[in-house]
A.B. asks: 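One structure coming up, written as C-alpha cells, with questions to follow.
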Amino acid sequence: MQAWQPAAGYRAGVDAVLLAAAVPARPGDTALELGAGAGVASLCLATRVPGLSVTAVERDPAYAALARRNSAENGAGLELVEADLTTLPESVKARRFTHVLFNPPYFDRTRGSASPDEAREVAMGEETPMATWVDVAARRIAPLGWLTVIHRAERLPELLAAMVTRGGFGGPTVLPLAGRVGRPASRVLVQARKGGRAEARLLAPLVLHRGPAHERDGEDYTDELRAILRRGTSLDRLL
C-alpha cells in the first residue's frame, strides 16, 4: 500500500498504522473513521480486513481529495465524506457502525506555543473538545460495537472520563506506547466496547524501538512493530 500525503503540513505516520492495527474488525463489519486526514488509517484497516466497509470523514478539502486519490489508487473502496464531525450529513447519521476510530489533534491550542508551520498547526491543533469526539463516536457505534483511539498519554484521564460519562462504554483497555525500553509512554491506544461490561485493563507497554538509544542509521523497530508496519498484522494485545 502506498499513500499520497501533503508536501507540507501534517503527515500521518506510525500512529495511523497502529490505530488501524488495533481495530478488532472482521469481514462484513462496518467502520467509521472521524478526522481521517489523507486516509492512511482507513486504508491500512481496509487492506488488513478484506470485506470490511470503511467510511472516512474529513473536513479539509485538500486532505479529503488526497484520501479519495489514495483509496482509488490502492483499490480500497473507501467511502469518503467531506464534513466536520460535528455536522455529519444524514447519510452518515442514519447509520450505525461496528467500529469507530479516531486519531484526534494532539495539542490544545490554548496551551503552549503555536507551530511555525500553519498547515501543521491546523491539523495538530485541537478545536473540537475531546468530549465531543467521544460523543459523536458513541452515537454512531452500534450496540456492543467498538471505539478505538490513539492519543497522547497526558490526555488519557480526559479521554477515559469522556468514555464513561458521555459514551456509555464498558471498561476500556489501555495500551501504553513507549519509544524505547525504560522510557515513559508518550502515547496510548485506548479501546472500549459500547455497552460492554468488561473490567478496565492496563496492558504492558508496546515498545517501538530496540535498544536504549538510536545508535546508527537505519530502521530499529522492534519485531512486534515491524510485523505491524511491514506485514500488516493486527495488534493482538488489544484484540
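Given the structure is predicted, the values throughout are model-derived calculations rather than measurements.
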A.B. asks: Does the pair Asp220/Arg180 count as a salt bridge with the N-to-O cut at 4.0 Å?
C.D. replies: yes
A.B. asks: Can a donor-acceptor pair be found, under 3.5 Å and without considering hydrogens, that links the side chain of Asn74 to the backbone of Gln2?
C.D. replies: yes
A.B. asks: For a side chain to side chain contact (heavy atoms under 4.5 Å, CB included) check, start with the C-alpha distance between Arg201 and Leu203, then their side-chain angles and the critical distance, and finish with the verdict.
C.D. replies: CA-CA 6 Å; Arg201 295 191 301 157; Leu203 305 180; 4.0 Å; yes
A.B. asks: Rounded to the nearest 0.5 Å, how far does CG of Leu52 lie from OG1 of Thr98?
C.D. replies: 8.0 Å
A.B. asks: Set out, in order, the CA-CA distance, both residues' side-chain angles and the distance that settles side chain to side chain contact (heavy atoms under 4.5 Å, CB included) for Phe97 and Val92, then state yes or no.
C.D. replies: CA-CA 10 Å; Phe97 298 83; Val92 177; 4.3 Å; yes
A.B. asks: Should we count CZ of Arg139 as having more than 12 external heavy atoms under 6.0 Å?
C.D. replies: no
A.B. asks: Enumerate the residue pairs fulfilling side chain to side chain donor-acceptor pair (under 3.5 Å) with a member in residues 20-29, sequence neighbours excluded, ordered by first and then second residue.
C.D. replies: Asp29-His99
A.B. asks: Under 4.5 Å between side-chain heavy atoms, counting indirect links through other Ile/Leu/Val/Met/Phe/Trp/Tyr residues: same cluster for Val188 and Val100 or not?
C.D. replies: yes
A.B. asks: Please enumerate all residues that pass ring pair (Phe, Tyr, Trp, His ring centres under 6.0 Å) together with Phe102, with sequence neighbours excluded.
C.D. replies: Trp133
A.B. asks: According to a 4.5 Å side-chain heavy-atom criterion applied to Ile, Leu, Val, Met, Phe, Trp and Tyr, with indirect links allowed, do Val57 and Val149 form part of one hydrophobic cluster?
C.D. replies: yes
A.B. asks: Which pair of non-hydrogen atoms, one from Gly39 and one from Leu78, has the smallest distance, and what is that distance?
C.D. replies: O-CD1, 4.4 Å
A.B. asks: Could you grab the distance from atom CE of Met163 to atom CG of Leu147, nearest 0.5 Å is fine?
C.D. replies: 4.0 Å
A.B. asks: Rounded to the nearest 0.5 Å, how far does CG of Leu43 lie from CD of Glu73?
C.D. replies: 10.5 Å
A.B. asks: Looking only at non-hydrogen atoms, find the nearest pair between Ala46 and Val54 and report the distance.
C.D. replies: CB-CG2, 4.1 Å
A.B. asks: May I ask you to decide if Tyr221's main-chain N or O and Arg210's side chain share a donor-acceptor pair within less than 3.5 Å?
C.D. replies: yes
A.B. asks: For His209, is there any backbone N or O sitting under 3.5 Å from a side-chain donor or acceptor partner on Thr222?
C.D. replies: no
A.B. asks: Could you check whether any side-chain N or O of Ser71 sits under 3.5 Å from a backbone N or O of Ala67, counting only pairs where one atom can act as donor and the other as acceptor?
C.D. replies: no
A.B. asks: Would a 4.5 Å heavy-atom cut-off, applied to side chains only, mark Thr148 and Pro24 as touching?
C.D. replies: yes
A.B. asks: Can you list the steps and then say if Glu158 with His151 is a side chain to side chain contact (heavy atoms under 4.5 Å, CB included)?
C.D. replies: CA-CA 11 Å; Glu158 183 182 356; His151 213 326; over 6 Å; no
A.B. asks: Is any side-chain heavy atom of Asp84 less than 4.5 Å from a side-chain heavy atom of Thr87?
C.D. replies: yes
A.B. asks: Is there a path of hydrophobic side-chain contacts, each under 4.5 Å between heavy atoms, that joins Val181 and Leu206?
C.D. replies: no
A.B. asks: What are the two closest heavy atoms between Glu58 and Ala36, and how far apart are they?
C.D. replies: OE1-N, 3.4 Å
A.B. asks: Output yes when a side-chain donor or acceptor of Gln191 lies under 3.5 Å from a complementary backbone atom of Thr173, and no otherwise.
C.D. replies: no
A.B. asks: The test is salt bridge (Lys or Arg N to Asp or Glu O under 4.0 Å); show your working for Glu79 and Arg68 and say whether it passes.
C.D. replies: CA-CA 8 Å; Glu79 176 191 7; Arg68 290 190 187 93; over 6 Å; no
A.B. asks: Can you tell me how far apart CG (Leu235) and CZ (Arg48) are? Round to the nearest 0.5 Å.
C.D. replies: 8.5 Å
A.B. asks: So how far is it from Leu177 CG to Leu225 CG, rounded to the nearest 0.5 Å?
C.D. replies: 9.0 Å
A.B. asks: Looking at Thr128, is its backbone amide N or carbonyl O close enough to the side chain of Thr132 to form a donor-acceptor pair, meaning the two atoms are under 3.5 Å apart?
C.D. replies: no
A.B. asks: If you look at every heavy atom in Leu175 and Pro205, which pair is closest and at what distance?
C.D. replies: CD1-C, 4.4 Å
A.B. asks: Sub-3.5 Å donor-acceptor pair from the side chain of Asn70 to the main-chain atoms of Leu66, do we have one?
C.D. replies: yes
A.B. asks: Could you work out, with side-chain contact (heavy atoms from CB on, under 4.5 Å) as the rule, every residue matching Arg231, not counting sequence neighbours?
C.D. replies: Ala227, Thr233
A.B. asks: Compare every heavy atom of Gly170 with every heavy atom of Ala192, then report the nearest pair and how far apart it is.
C.D. replies: CB-O, 3.8 Å
A.B. asks: Within the side chain of Arg193, is there an N or O that forms a donor-acceptor pair under 3.5 Å with the backbone of Leu144?
C.D. replies: yes
A.B. asks: Tell me whether Arg140 contacts the main-chain N or O of Lys93 through its side chain, where contact means a donor paired with an acceptor under 3.5 Å.
C.D. replies: yes
A.B. asks: Membership question, hydrophobic clusters at under 4.5 Å side-chain separation (ILVMFWY): are Val40 and Leu45 in the same one?
C.D. replies: no
A.B. asks: Can you confirm whether the side chains of Ser42 and Glu33 place a donor and an acceptor under 3.5 Å from each other?
C.D. replies: yes
A.B. asks: Check for me, please, whether Leu32 and Phe169 land in the same ILVMFWY cluster - side-chain distances under 4.5 Å, paths through other members count.
C.D. replies: yes
A.B. asks: Just by modelled atom types, is the Ile150 backbone N or O under 3.5 Å from a matching donor or acceptor in the Arg187 side chain?
C.D. replies: no
A.B. asks: Can you name the closest pair of heavy atoms from Pro89 and Val81 and give their distance?
C.D. replies: CG-CG1, 3.6 Å
A.B. asks: Atom CD1 in Ile228, atom OG in Ser234: separation rounded to 0.5 Å?
C.D. replies: 8.0 Å
A.B. asks: Should Glu127 and Arg59 count as an ion pair when the cut-off is N to O under 4.0 Å?
C.D. replies: yes
